[in-house]
Amino acid sequence: MSKSLKRVQRRAEALGLNITVVETAIDTHTAAQAAQSQGCEVDQIAKSIIFRGERSGAVILFLTAGGNRVDTGQAAIVSGEPLGKADAALIRSQTGFAIGGVSPIGHLNPIRTFMDPRLMDYDAIWAAAGTPRHLFAIDPRKLQKITKAEVTCFTG
């Protein structure tokens, strides 16, 4: 079992979450692949999109419904600073996860988080569990609460 997956499971336990991690038969690098693997709608996949704050240098997480795209202009407005690309090394050093498996929980460092309101339309959504082949289902309201995500519009 990967260290990233173990960290997600430990964090879920510490938060009192009863999640079941599912290993998929295919890589789930895209929301379409993840939705196909779980037989759900694409928008039920919570994509973890990370930017680097240009002033703060901090990584900022945008949990986005699978069919939506982050509008970087809107995202900059809601985050309060210009945003730049977060490269793989920065993402790994701040979250502990590789691109394609970034979980919304279990980060190495606290991360400011914003959440797409579209995710709240479902009773359950699916998120990465630390690897491109592992997912877990969660009530989006629980996810919002434990990540302290601000639910706001940033997609276009």
### Straight-line distance of Ile146 CD1 to Ile105 CD1, nearest 0.5 Å
5.0 Å
#### Entry: Whether over 12 other heavy atoms sit under 6.0 Å from Asn109 CG
yes
### Query
Does Arg11 pair with Glu13 as a salt bridge, N-O distance under 4.0 Å?
no
## Note on the structure
On a heavy-atom basis, the closest approach of Ser37 and Ala34 is OG-O, 2.7 Å
### Summary
Looking only at heavy atoms, the pair that brings Val21 and Ala129 closest together is CG1-CB, 3.9 Å
### Query
Does the side chain of Glu81 come under 3.5 Å of the side chain of Ser56 through a donor N or O and an acceptor N or O?
yes
### Task
Count the heavy atoms belonging to other residues, nucleotides or ligands that lie under 6.0 Å from CZ of Arg69, then report whether that count exceeds 12.
no
### Query
Do Thr72 and Leu83 have side-chain heavy atoms sitting under 4.5 Å apart?
no
### Taking every non-hydrogen atom, the tightest pair across Ala31 and Val42
CB-CG1, 4.0 Å
### Task
Could you grab the distance from atom OG of Ser4 to atom NE2 of His107, nearest 0.5 Å is fine?
10.5 Å
### Query
So which heavy atom on Asn68 is nearest to which on Lys47, and how close?
O-NZ, 2.6 Å
### Task
Give, for atom CD of Gln74 and atom OG1 of Thr155, the distance between the pair rounded to the nearest 0.5 Å.
8.5 Å
### Query
Hey, does the side chain of Gln44 reach the backbone of Ile125 with a donor-acceptor pair shorter than 3.5 angstrom?
no
### Spatial distance of atom CG (Leu63) from atom OG (Ser48) [nearest 0.5 Å]
5.0 Å
### Task
Give a yes or no on whether a salt bridge exists between Asp116 and Arg118, defined as a side-chain N under 4.0 angstrom from a carboxylate O.
no
### Distance-minimising heavy-atom pair for Phe97 and Thr95
N-OG1, 3.0 Å
### Message
Within this structure, what is the CH2-CD1 distance for the pair Trp126 and Ile138, rounded to the nearest 0.5 Å?
### Response
11.5 Å
### Query
How close do Gln36 and Ile26 get, heavy atom to heavy atom, and via which atoms?
OE1-CD1, 4.1 Å
### Message
What verdict does the side-chain contact (heavy atoms from CB on, under 4.5 Å) test give for Asp43 and Tyr122, after you've listed the backbone C-alpha separation in whole Å, the side-chain angles of each residue and the deciding distance to 0.1 Å?
### Response
CA-CA 9 Å; Asp43 278 353; Tyr122 299 97; 3.4 Å; yes
### Message
Between Ser103 and Gly106 (side chain of the first, backbone of the second, donor and acceptor by atom type, cut-off under 3.5 Å), is there such a pair?
### Response
no
#### Entry: Atom pair CE/CD of Met115 and Glu150 - distance to nearest 0.5 Å
12.5 Å
### Message
Closer than 3.5 angstrom, by distance alone: can the side chain of Arg7 be matched with the main-chain N or O of Gly96 as a donor-acceptor pair?
### Response
yes
### Query
Going through the checks in order, is the ring-ring contact (aromatic ring centres under 6.0 Å, His included) test met by Phe62 and Phe114?
CA-CA 5 Å; Phe62 292 85; Phe114 296 91; 5.3 Å; yes
### Message
Any side-chain to backbone donor/acceptor pair from Asp139 onto Ala124? Under 3.5 Å, distance only.
### Response
no
